[in-house]
Amino acid sequence: MFILNPYAQAGWYNPQNPHSINDNNWLNSWSHPGTFGALPSSQGSSAPALTSAVTFEFTSFNPDVLNCQCVVVGPTNSKVLNIRTRWDVTMIFKAEDPWAVIRWTEHPTIEANGIITPQPAGSFLKLSPDGCYRTMLVDGKNYAWVPRTDGTYLYSAGPHPPKLLARSRLKRDNTKILLELDAESFRLGLLEPCLISTVLLNNARNID
């Protein structure tokens with residue numbers, strides 16, 4: 001039973017579900033040239049392990065992060081966010097104060113106080129021309145979410161060799177979504193963008 005289909009709904013091929021909405025197999029070799037061409041290939045089942053990872057848990061979802069209240073639990077078991085969806089609006093709260101909103105229109109939009117100006121969700125997480133990854137711009141720096149069979153990995157992108165910074169994955173028993181962040185990702189200001197990306201990439205709606 002496939003509780004989540006984040007790959008298909010995000011515009012990627014889901015290797016666990018061949019009937020996803022995208023027929024392009026993201027396990028094929030990378031073909032997109034230029035800046036992002038140096039990113040690791042999505043071939044293979046896993047990437048090198050994160051060092052000094054801090055884990056955040058998305059819990060209490062049924063069947064995904066949008067269909068009921070979802071609590072994000074940090075490494076000290078403290079409540080970080082509440083995620084609630086009514087009709088076509090998802091609200092993300094910090095300490096019960098509204099912080100971010102996703103509006104599920106024909107072309108969904110996202111905004112978050114202090115970090116994301118109102119924009120299409122598909123612009124915040126832009127699908128590459130070959131459909132192999134999604135790019136994210138934070139503080140003028142480019143990053144790329146690359147799907148693999150054991151989760152979606154976040155890498156730095158640019159002229160330098162890519163560095164693995166985070167991973168979002170579904171727990172084996174399908175009860176939690178785990179967001180694992182490298183220590184450097186906090187210095188780069190990636191915590192909040194990664195939390196929002198995890199919501200966008202792990203639900204049953206198309207973000208484009």
Side-chain angles (χ1 to χ4, degrees), residues 1-7 9-10 49-105 108-119 121 124-125 134 136-139 141 143 145 147 150-155 164-207:
M1 178 179 179
F2 298 102
I3 292 182
L4 295 175
N5 189 2
Y7 301 104
Q9 300 303 333
L50 286 164
T51 58
S52 305
V54 176
T55 301
F56 294 80
E57 300 178 352
F58 290 69
T59 66
S60 305
F61 53 86
N62 182 26
D64 61 30
V65 296
L66 301 182
N67 285 17
C68 67
Q69 178 172 308
C70 175
V71 178
V72 182
V73 180
T76 59
N77 290 327
S78 58
K79 183 168 64 176
V80 179
L81 301 176
N82 278 332
I83 303 169
R84 306 169 190 165
T85 298
R86 287 180 60 86
W87 304 105
D88 290 329
V89 177
T90 296
M91 298 293 298
I92 304 177
F93 296 82
K94 282 185 177 181
E96 301 305 318
D97 295 324
W99 171 60
V101 58
I102 305 168
R103 293 182 172 86
W104 299 104
T105 57
T109 62
I110 175 72
E111 61 182 286
N113 293 339
I115 65 166
I116 303 174
T117 58
Q119 61 185 279
F124 173 63
L125 294 177
R134 284 184 180 269
M136 179 175 72
L137 183 67
V138 178
D139 291 335
K141 297 180 180 179
Y143 302 90
W145 287 102
D150 63 342
T152 307
Y153 289 73
L154 181 71
Y155 293 90
L164 177 60
L165 295 166
R167 178 175 70 163
S168 172
R169 65 183 177 92
L170 181 64
K171 195 174 179 181
R172 290 183 181 273
D173 60 7
N174 292 345
T175 61
K176 298 176 181 178
I177 296 171
L178 304 180
L179 173 62
E180 301 160 327
L181 295 169
D182 182 86
E184 186 178 351
S185 64
F186 292 90
R187 180 183 64 80
L188 295 171
L190 293 174
L191 170 59
E192 292 169 325
C194 283
L195 288 169
I196 291 177
S197 295
T198 299
V199 175
L200 289 172
L201 297 177
N202 291 277
N203 71 82
R205 306 193 190 196
N206 194 323
I207 67 172

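The figures that follow rest on heavy atoms only: side chains count, while hydrogens, waters and symmetry mates do not.
Of all heavy-atom pairs spanning Phe93 and Pro98, the tightest one is CD2-N, 3.6 Å. Between Leu164 and Tyr153, the shortest heavy-atom contact is CD1-CD2, 3.4 Å.
Using a 4.5 Å cut-off on side-chain heavy atoms (C-beta onward), Phe56 and Leu81 make no contact. A 4.5 Å side-chain heavy-atom check between Arg169 and Glu180 finds at least one atom pair inside the cut-off. Between Ile102 and Leu200 there is a side-chain heavy-atom pair separated by less than 4.5 Å. At least one side-chain heavy atom of Met136 sits less than 4.5 Å from a side-chain heavy atom of Leu154. Taking the side chain as every heavy atom from C-beta outward, Asp88 and Arg205 approach each other to under 4.5 Å. When side chains are defined from C-beta on, Met91 does not count as touching Arg86, because their heavy atoms never get closer than 4.5 Å. Contact of the Phe61 side chain with the Ile83 side chain is not registered, since no non-hydrogen atoms from C-beta on lie closer than 4.5 Å. At least one side-chain heavy atom of Leu190 sits less than 4.5 Å from a side-chain heavy atom of Val138.
Screening Leu137, Thr117, Ile196, Thr109 for a side chain to side chain contact (heavy atoms under 4.5 Å, CB included) involving Phe124 leaves a single residue, Ile196.
Side chain of Ser78 to backbone of Gly74: no donor-acceptor contact under 3.5 angstrom is found. Without hydrogens or angle criteria, Thr59 side chain to Val71 main chain gives a donor-acceptor distance under 3.5 Å. A donor-acceptor contact shorter than 3.5 Å is absent between the side chain of Asn203 and the backbone of Leu66.
In this structure, CG on Leu178 lies 6.0 Å from CD on Glu57, to the nearest 0.5 angstrom.
For Trp104, the side chain to side chain donor-acceptor pair (under 3.5 Å) criterion is met by Thr90, not counting sequence neighbours.
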Determine, step by step, whether Asn202 and Phe58 satisfy the side chain to side chain contact (heavy atoms under 4.5 Å, CB included) criterion, reporting the C-alpha distance in whole Å, the side-chain angles of both residues, the deciding distance to 0.1 Å, and the verdict.
CA-CA 10 Å; Asn202 291 277; Phe58 290 69; over 6 Å; no

Start with the C-alpha gap between Leu191 and Leu181, add the side-chain angles, then the distance that decides, and say whether side chain to side chain contact (heavy atoms under 4.5 Å, CB included) holds.
CA-CA 8 Å; Leu191 170 59; Leu181 295 169; 3.4 Å; yes

